[in-house]
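Note that the structure is a prediction, hence the values are computed from the model and not measured. Ligands are counted one by one from 1 in listed order, and the atoms in each one are counted from 1 as well.
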Amino acid sequence: MTDTSHETKLTLLYIFIAFAFSIVMRLIWVYHFYGYAPFHFNGQFMINTNDGYFWAEGARDLLSGTATNPDAKEYFDKFHQLHDLSPVSTAASQLTAFFAKILPFSFESVIFYLPVFLSSLVVIPIILIARALKNIEMGLIAALLASIAWSYYNRTMAGYYDTDMLNIVLPMFLLWSIIWAMRTNHNIYLIITAVDILIYRWWYPQSYSLELSFFGLILAYALLFDRKNLFNYKLLAIMMLAMMNGNELMRLAIVVVVYFFLRDKKYDKYVFYLLGAAVVAYLVSGGLSPVWSQLKGYVFRKSVSASDKGLGLHFFTVMQTVREAGHIPFETFANRISGNTVTFIISLLGYMYLLYKHRIMLFSLPLVGLGFLAYVGGLRFTIYAVPILAFGIAFLITQISAKMPTQKLKVLSMLALTLIILYPNYKHIEAYKVPTVFNADEVKVLTALGKKANREDYVISWWDYGYPIRYYTDVKTLADGGKHSGSVNFPVSFMLTHTQEEAAKMARLDVEYTEKTYDFRDKDKKEIEDKNLTIFSNIEQMTKDYGYNDTNLFLKSLHSDIKLPKKTRDIYFYLPFRMINIYPTVTLFSNLNLMNGDKDKQPFFFVSRNFKDTGTKIQLAQNIFLDKRTSMLHIGKRAMPIRRFVVTKYDKNMVLHKNVQLINFSSDINVIYMSDYKTFLIVDEKTYNSLYIQLMVLENYNKKLFEPVILTAQAKVYKLKI
Ligand code: MN
C-alpha cells in the first residue's frame with residue numbers, strides 16, 4: 001500500500017467519524033423532545049428559528065408549482081401570488097425544494113433535518129486543510145470541536161433551518177481550495193476556487209466581503225513573496241471573474257472558458273491582460289458597489305435618516321428594541337467560539353503558533369477577522385472564527401502528543417485532551433433546550449385559517465409572526481422578519497394597541513395602500529426612475545390623500561366617518577396569547593408623535609404569572625399587592641383604587657366567560673385575572689380598550705366591525721367586516 005492511498009483512507013475515515021459525531025450531537029435535542037406533542041406538526045418536529053419559515057415558504061411554493069404540472073412557468077402564479085413576498089428565487093428555498101423533491105421524506109422532515117446534515121459537512125474542508133499541512137489528526141480534532149462548538153451548534157442545530165447551515169461550510173471549502181491552490185499550483189484548483197465562489201455567492205449574496213479579503217491576501221502574498229509565479233495571477237484573474245456581479249450561469253460559463261484558456265501553457269503570455277480585463281469586468285459589473293454603498297452608509301449615516309421630501313415623519317426603528325449589539329462580555333465571546341474561556345485563550349495561542357509554523361494558514365485570517373467582528377457587530381459573527389480557532393487548539397494537542405515517548409501514550413494523550421475540549425460544548429448542547437417557534441395549538445389555528453382564507457387575503461399580526469403565518473396559512477402579511485421598518489410597523493402597532501374602530505379602519509387603509517404601492521411600483525417603474533419620484537410610507541400617503549399635512553390630525557379623523565378605500569380582499573387578525581409578553585414593545589412603534597418624534601406617555605401594562613394568594617391579599621410581584629377586601633392595588637407605598645376587576649374563565653366547551661366588576665370609575669387601572677392561563681394583567685384604560693386586549697383577552701368584539709373565525713386559548717382569529 002502506498003503512502004498516499006493510506007493517507008486517503010485515513011482522511012475518509014476521519015471525515016466519516018467527525019461527520020457522524022456532528023450528527024449524533026445534533027440528535028440530543030431530538031432525543032430530549034422525542035414525542036413531545038406541542039413541538040410537532042404533521043408528525044414531525046417544527047423548526048426553531050423564525051427566519052426558517054421564510055425559506056420554507058419559498059420552497060413550498062416552488063414544489064407546489066412544479067409537482068402538479070410539468071410546465072411550471074405557465075402555472076406558476078397558481079402557487080405563488082404577486083407581491084406575497086415568497087422567496088422562490090433564493091438559493092435556500094431552491095436547494096430545499098430540490099432535496100424535498102428527491103428525498104423520500106416529508107417536507108417538514110427535510111427542513112427540520114437539513115441543517116443537521118449540511119452544517120456537518122464543515123468537517124470535510126477542515127480535515128482536507130489539515131491534510132495539506134500533513135497533519136490529519138489535527139484535522140480530526142479540529143473538526144470534532146468546530147462541528148459542535150457553542151455558537152456553531154446554536155446556529156446549525158436540528159430545526160435551525162437558516163442560511164447558517166452552509167454559511168461556514170462554503171467559505172471553509174473556499175479556504176481549502178485556496179490553500180491547495182497556493183500549495184500545489186495545480187490548475188484544477190483554479191476552477192474549484194472559482195466554482196466555490198459562485199456557489200458561495202449564490203447561497204449568501206453578502207459573501208462578497210469575505211471573497212474580496214481572500215483576493216486581497218492572495219494579491220499581497222503574490223506581490224510580496226512570489227512575484228514571478230504566474231499561477232498566482234491566474235488564480236486572481238479567475239477569482240475576480242467569479243466575483244463579478246450578474247447572472248450565475250453566465251459567470252459559470254465565463255469561468256469555465258477562462259479555465260481552459262488558463263491551463264494551456266501557450267496562452268501564458270496573455271495572463272496579465274486577462275487579469276486586467278477581469279478587474280475591469282469586475283468593476284464595471286458593479287462588483288464593488290455593495291462595499292461602496294456600505295461605506296457610504298457609515299460615512300453619511302446622519303443625512304440618510306432625514307427625509308428631505310414630504311412631511312419628514314419620525315418613525316421608531318426596530319434597532320431601538322433589539323438589545324444593543326456592541327459590547328458583549330469577553331466570556332460570552334470566548335464561550336461562543338470555543339465553548340470555554342480557557343479553551344479560547346489556548347486556541348488563540350495555538351493559532352498564532354500554527355501561523356508561525358505554517359505560513360499558508362495566514363489565508364484563514366479573514367475568517368478570524370470576521371469572527372472577531374462579533375465584538376462590535378453582534379454575536380452572530382462568532383461562528384466564522386470557530387473552525388479556525390479549533391485548528392489552533394488541535395494543532396497544540398497534536399504537538400503535545402507528538403512529544404510522548406510511546407505510541408500508546410501519543411494516542412491516549414490526544415484522546416484525553418480532545419475529550420477535555422469537547423466536554424464544555426457537549427454540556428452546552430445538553431442544556432440548550434430551545435423551543436420551537438410556534439406550538440402545535442397555534443399551528444392548528446393557522447392551518448385551519450389557511451383553509452378559509454384566500455391566498456390574496458391579508459392576515460395582520462405583529463412582525464414576529466409574519467413568516468410562520470405565511471408558511472402555514474399561505475396568505476399575505478403586512479410585516480415579517482424582513483419587512484419591519486418603523487413605517488411598516490407603525491400601522492400594525494397602531495391597530496393592535498388602539499380601539500377596535502381605529503384598528504378596523506387602519507387595517508383596511510393599510511392593506512389597500514400596501515397593494516396599491518406594489519402596483520404603482522410595478523407599473524410606473526420607469527416613471528419613478530426617470531422623475532426620481534419618492535414613494536412615501538403608507539401612513540404619509542394616507543395623510544396627504546385625506547387632505548391633511550399633519551399625521552396626528554389624520555389619525556384623529558379615524559374616529560369620524562371617513563370614506564375608506566375600496567375593499568379588494570378580506571383581512572384577518574391573528575392574535576396569539578404569546579403576544580402578551582411583547583405588548584409593551586408593540587406599543588413603542590405607534591406610541592409617538594410622528595410629526596416630531598416625541599414619545600407619548602408609556603402605557604401601564606403589567607403581567608404577573610408568579611403570584612401568591614396570601615388570604616386577604618394577592619401578591620402580584622415583589623411589592624405589588626391586590627387587597628381582596630378593599631379592591632385596592634398597592635404598588636410600593638402607594639395605594640390606588642381600581643376601575644374594573646375582570647375574571648375570565650373557559651367552560652368545558654372552551655367558551656370564554658367573563659365576570660366584570662366595576663369598582664371605581666375615577667380610576668384608570670384595570671385588573672384582569674385570566675384564570676385558565678394563571679395570569680394577572682394590570683392595564684390602564686387605554687390598553688384595556690385596545691384591540692388586542694378586547695379581542696384576544698376578553699372576546700369583546702364589535703359585531704359591526706369584526707367576526708370571530710377561530711377562537712382558541714392559544715390564538716384567536718377575527719375577520720374584518722369593513
Ligand atoms: Mn402565497
Tell me which pairs pass ring pair (Phe, Tyr, Trp, His ring centres under 6.0 Å) where either residue lies in residues 502-527, with sequence neighbours left out.
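Qualifying pairs: H83-Y518.
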Check whether more than 12 heavy atoms from other residues, nucleotides or ligands sit under 6.0 Å from atom NZ of K516, and answer yes or no.
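Counting neighbours around NZ of K516, more than 12 heavy atoms of other residues, nucleotides or ligands fall under 6.0 Å, so yes.
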Side-chain ion pair, D441 and K444, N-O less than 4.0 Å
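Looking at D441 and K444, the cut-off is met.
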Would one find an N, O or S atom of Q81, in either backbone or side chain, under 2.8 Å from the Mn ion (ligand 1)?
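Of the N, O and S atoms in Q81, at least one lies under 2.8 Å from the Mn ion (ligand 1), which means yes.
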Name whichever N, O or S atom of D84 ends up nearest to the Mn ion (ligand 1).
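Nearest N/O/S atom of D84: OD2.
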For the Mn ion (ligand 1), which N, O or S atom of D474 is at the shortest distance?
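When I compare the N, O and S atoms of D474, OD1 is nearest to the Mn ion (ligand 1).
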With sequence neighbours excluded, what pairs up with F112 under the ring pair (Phe, Tyr, Trp, His ring centres under 6.0 Å) test?
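W29, F45.
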